[in-house]
Amino acid sequence: MLSLSFVVVLTVIVVLLLRTGHLRIGPALAALLLGFCLASTAAAPTINHLLTACASALSKLNA
């Protein structure tokens with residue numbers, strides 16, 4: 001499961017992208033809705049496992 005700090009970091013990145021104009025509100029909302037739709041599909045456990053594996057690999061690089 002994703003940790004709260006990961007969610008906070010992603011939120012800060014998205015807010016910065018929105019404020020600097022590199023990400024418009026329309027595409028951001030579309031990505032948000034896609035995330036909610038994916039979370040309710042059978043692909044959700046696979047996506048969660050992939051993100052967990054990536055986070056684990058990154059933490060081992062920094063250690």
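Of all non-hydrogen atoms in A42 and P45, the two that sit nearest each other are O-CD, 3.3 Å. Contact record, A39 with A44: O-CB, 3.5 Å, taken as the closest heavy-atom pair.
When the side-chain contact (heavy atoms from CB on, under 4.5 Å) test is applied to T41, the partners found at least two apart in sequence or on another chain are L38, A43.
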What pairs of donor and acceptor atoms, side-chain ones from residues 20-34 against any protein atom, are under 3.5 angstrom apart with sequence neighbours left out?
{"residue": "T20", "atom": "OG1", "partner": "L16", "partner atom": "O", "Å": "3.0"}
{"residue": "T20", "atom": "OG1", "partner": "L17", "partner atom": "O", "Å": "3.3"}
{"residue": "T20", "atom": "OG1", "partner": "H22", "partner atom": "ND1", "Å": "2.8"}

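I47 and V9 fall into different hydrophobic clusters, where Ile, Leu, Val, Met, Phe, Trp and Tyr side chains are chained together by heavy-atom contacts under 4.5 Å.
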